[in-house]
Amino acid sequence: MMQALRGVRYLQSRTITQAMSELSVPVPWGEIKGRVWGPDHGHPVLCLHGWADNCGSFNTLIPLLPKECRYVAVDLPGHGQSSHRHPGVFYAFPSYVMDVRRVVEALQWSKFSIIGHSMGGNIAGMFSALYPEMVDAVVLLDSFGFLPTDQNEIPGVMRQGMDELLQYEKKSEEDKRRVYTYEKAFERLLAANPELSEQSVHVLLERGLVQVEGGVMFSRDFRINLRNIARLTWDQCLEAQSRITASLLLVLAENGFEKKYMKPHQHELVAAFLQAYRDRNHTVVTVPGDHHVHLNSPEVVAPLVSDFLQTKVLSQSDSTTDDKSSRL
């Protein structure tokens with residue numbers, strides 16, 4: 001069954017657990033694709049995956065979440081089955097925030113919730129700070145909601161990103177797009193993400209590979225591997241954080257982002273950043289697991305997310321409906 005809404009296309013299919021649709025949103029350089037679960041008029045929830053992943057990152061979690069919601073998980077540009085950006089263009093966080101704006105505009109969502117993992121959580125945080133009136137609840141999965149950078153490191157990071165793009169553009173197409181067997185692609189992804197379970201690797205490869213003559217290629221744009229040049233200082237991130245008015249749940253993994261990526265001297269800054277969330281009555285919890293705990297062990301994360309959505313969003317909607325009914 002095919003439906004159209006401002007150019008948005010839905011193609012019905014089914015998963016083992018529940019109905020699922022494929023989504024396609026037209027953008028100036030091609031399409032942003034993704035998947036949709038849940039009833040047409042369910043509470044809208046946008047799901048944003050992490051760097052180098054795709055919307056399959058939510059395949060195991062969404063079936064465990066409240067069935068009253070309408071979940072839209074997108075492949076961010078340059079990832080999964082979505083179009084790559086034009087040649088010569090950086091993959092920068094502000095551009096991803098604009099992509100979210102395009103998607104919700106096409107879906108005609110004026111108020112919605114966001115679940116974001118890792119980079120997707122950073123996009124969710126910035127979007128919620130820039131458009132606070134549009135977001136009623138935010139779930140950050142092993143993400144601080146922003147990517148703070150030490151002020152004295154920003155010029156070097158920017159220069160590195162620019163130099164890397166120039167070097168990338170000098171490579172031949174053959175060097176940029178290598179062909180693998182499925183087994184070799186599996187081994188490469190697992191080697192790059194050793195915390196992933198074998199099942200999780202297969203899930204991500206479902207949208208992460210494209211069939212070509214002689215085998216398969218990774219579908220993602222390898223420019224996403226280049227250094228992100230759009231950076232904010234810790235103070236700028238704290239200011240943006242203060243502008244979020246939505247209810248917020250932050251789920252950290254014990255062996256996740258902070259342990260894997262943050263430098264020793266940054267741990268004190270991270271603690272202050274997390275305390276700022278608590279001071280604003282947001283919820284910060286830590287669960288056993290690694291950076292991809294939501295994909296590897298969704299049963300650990302799902303109860304927390306479900307209770308949060310039920311308490312902060314769904315029960316509020318029920319109360320509003322009951323109040324309106326009582327006045328009729």
Side-chain angles (χ1 to χ4, degrees), residues 29 48-54 57 76-79 82 84-101 116-130 140-171 175-176 191-195 218 220-244 250 252-253 255-274 276-277 290-292:
W29 62 93
L48 303 174
H49 63 78
W51 172 79
D53 292 342
N54 54 65
S57 175
L76 292 166
H79 297 73
S82 289
H84 297 181
R85 297 199 191 282
H86 289 304
V89 175
F90 286 102
Y91 282 89
F93 274 38
S95 298
Y96 286 128
V97 175
M98 186 63 207
D99 297 330
V100 170
R101 191 69 181 85
H117 169 244
S118 193
M119 180 183 77
N122 298 336
I123 299 166
M126 183 57 71
F127 186 94
S128 301
L130 295 178
L140 304 178
L141 301 175
D142 209 37
S143 167
F144 304 135
F146 300 90
L147 184 64
T149 304
D150 294 343
Q151 183 173 322
N152 61 337
E153 295 180 1
I154 292 179
V157 168
M158 293 179 65
R159 174 171 174 160
Q160 181 182 353
M162 293 179 183
D163 289 346
E164 286 178 353
L165 182 58
L166 285 174
Q167 291 302 313
Y168 177 83
E169 290 171 347
K170 293 176 182 178
K171 291 184 177 182
D175 287 337
K176 292 178 184 177
N193 300 274
E195 76 274 10
F218 284 96
R220 62 178 181 266
D221 189 337
F222 281 90
R223 282 179 293 169
I224 68 170
N225 296 332
L226 308 182
R227 207 70 188 269
N228 168 40
I229 67 168
R231 298 295 179 129
L232 296 177
T233 66
W234 287 86
D235 286 342
Q236 288 173 320
C237 289
L238 280 169
E239 171 59 29
Q241 182 198 65
S242 71
R243 296 173 182 267
I244 298 175
L250 196 157
L252 297 173
N255 297 306
F257 187 86
E258 182 178 359
K259 187 173 182 179
K260 187 173 182 180
Y261 298 109
M262 303 305 290
K263 300 173 183 175
H265 74 276
Q266 294 178 320
H267 291 312
E268 189 174 334
L269 294 169
V270 169
F273 202 77
L274 297 179
Y277 277 123
D290 48 46
H291 188 50
H292 282 83

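Remark: the backbone N or O of V270 is not paired with any side-chain donor or acceptor of E258 at under 3.5 angstrom. Using modelled atom types, no side-chain atom of S143 and backbone atom of L140 make a donor-acceptor pair closer than 3.5 Å. Counting only distance, with no hydrogens or angles, the side chain of E164 and the backbone of L226 share no donor-acceptor pair below 3.5 Å. Using a distance-only test at 3.5 Å, with no hydrogens or angles considered, a donor-acceptor pair links the side chain of D221 to the main chain of R223. In this structure a side-chain-to-backbone donor-acceptor pair under 3.5 Å is present from Y91 to R85. The closest donor-acceptor contact from the side chain of S82 to the backbone of P77 lies at 3.5 Å or more, if one exists at all.
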Mind running side-chain contact (heavy atoms from CB on, under 4.5 Å) on D163 and R159 for me, showing each step along the way? CA-CA 6 Å; D163 289 346; R159 174 171 174 160; 3.6 Å; yes
Please report the C-alpha distance between R220 and H84 in whole Å, then the side-chain angles of each, then the deciding distance to 0.1 Å, and finally whether the side-chain contact (heavy atoms from CB on, under 4.5 Å) criterion is met. CA-CA 8 Å; R220 62 178 181 266; H84 297 181; 5.6 Å; no
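Looking at every heavy atom in both residues, S57 comes nearest to H117 through OG-ND1, 4.4 Å. Closest approach of F90 and G161 over heavy atoms only: CE2-O, 3.6 Å. Among all heavy-atom pairs drawn from P194 and A191, the shortest one is CD-O, 3.6 Å.
In this structure, the separation between NE2 on H292 and CG on L141 is 11.0 Å, given to the nearest 0.5 Å. Rounded to the nearest 0.5 Å, atoms CD (Q160) and CG (N228) are 11.0 Å apart. For the atom pair D99 CG and I123 CD1, the distance stands at 8.0 Å (nearest 0.5 Å). Annotation: the span from Q241 atom CD to Y277 atom OH amounts to 4.5 Å, rounded to 0.5 Å. Rounded to the nearest 0.5 Å, atoms OG (S118) and CG (L48) are 11.5 Å apart. A distance of 10.0 Å separates CZ in R231 from SG in C237, rounded to the nearest 0.5 Å.
For E169, the side-chain hydrogen bond (donor to acceptor under 3.5 Å, both in side chains) test picks out no residue, with sequence neighbours left out. Under the rule for a side-chain hydrogen bond (donor to acceptor under 3.5 Å, both in side chains), Q151 has no partner lying at least two apart in sequence or in another chain. Applying the side-chain hydrogen bond (donor to acceptor under 3.5 Å, both in side chains) rule to Y96 yields no partners; only residues at least two apart in sequence or on another chain are considered. Considering only residues two or more places apart in sequence or on other chains, K263 meets the salt bridge (charged side-chain N to carboxylate O under 4.0 Å, His left out) condition with E153. Scored by the salt bridge (charged side-chain N to carboxylate O under 4.0 Å, His left out) test, K259 finds no partners at all (sequence neighbours excluded). Every residue two or more places apart in sequence or in another chain that forms a ring-ring contact (aromatic ring centres under 6.0 Å, His included) with H49 is listed here: H79.
Using cut-offs of 30° and 60° for the angle between ring planes, the F144 and F257 rings count as perpendicular.
Of the candidates N193, N255, D142, H291 forms a side-chain hydrogen bond (donor to acceptor under 3.5 Å, both in side chains) with just one, namely D142.
Contact check for L250 versus L274: side-chain heavy atoms found under the 4.5 Å cut-off. Side-chain contact between N54 and L76: absent, with no pair of heavy atoms (C-beta onward) separated by less than 4.5 Å. Residues F273 and F146 meet the side-chain proximity criterion, which asks for heavy atoms closer than 4.5 Å. Between E239 and Q236, the closest side-chain pair of non-hydrogen atoms is not below 4.5 Å. Contact annotation: the side chain of L166 never approaches that of M162 to less than 4.5 Å [non-hydrogen atoms, C-beta and beyond]. Residues I154 and L232 are not in side-chain contact: their nearest non-hydrogen atoms beyond the backbone lie 4.5 Å or more apart. Between D150 and Q266, some side-chain heavy-atom pair lies under the 4.5 Å cut-off.
At most 12 non-hydrogen atoms from other residues, nucleotides or ligands lie less than 6.0 angstrom from CZ of R243.
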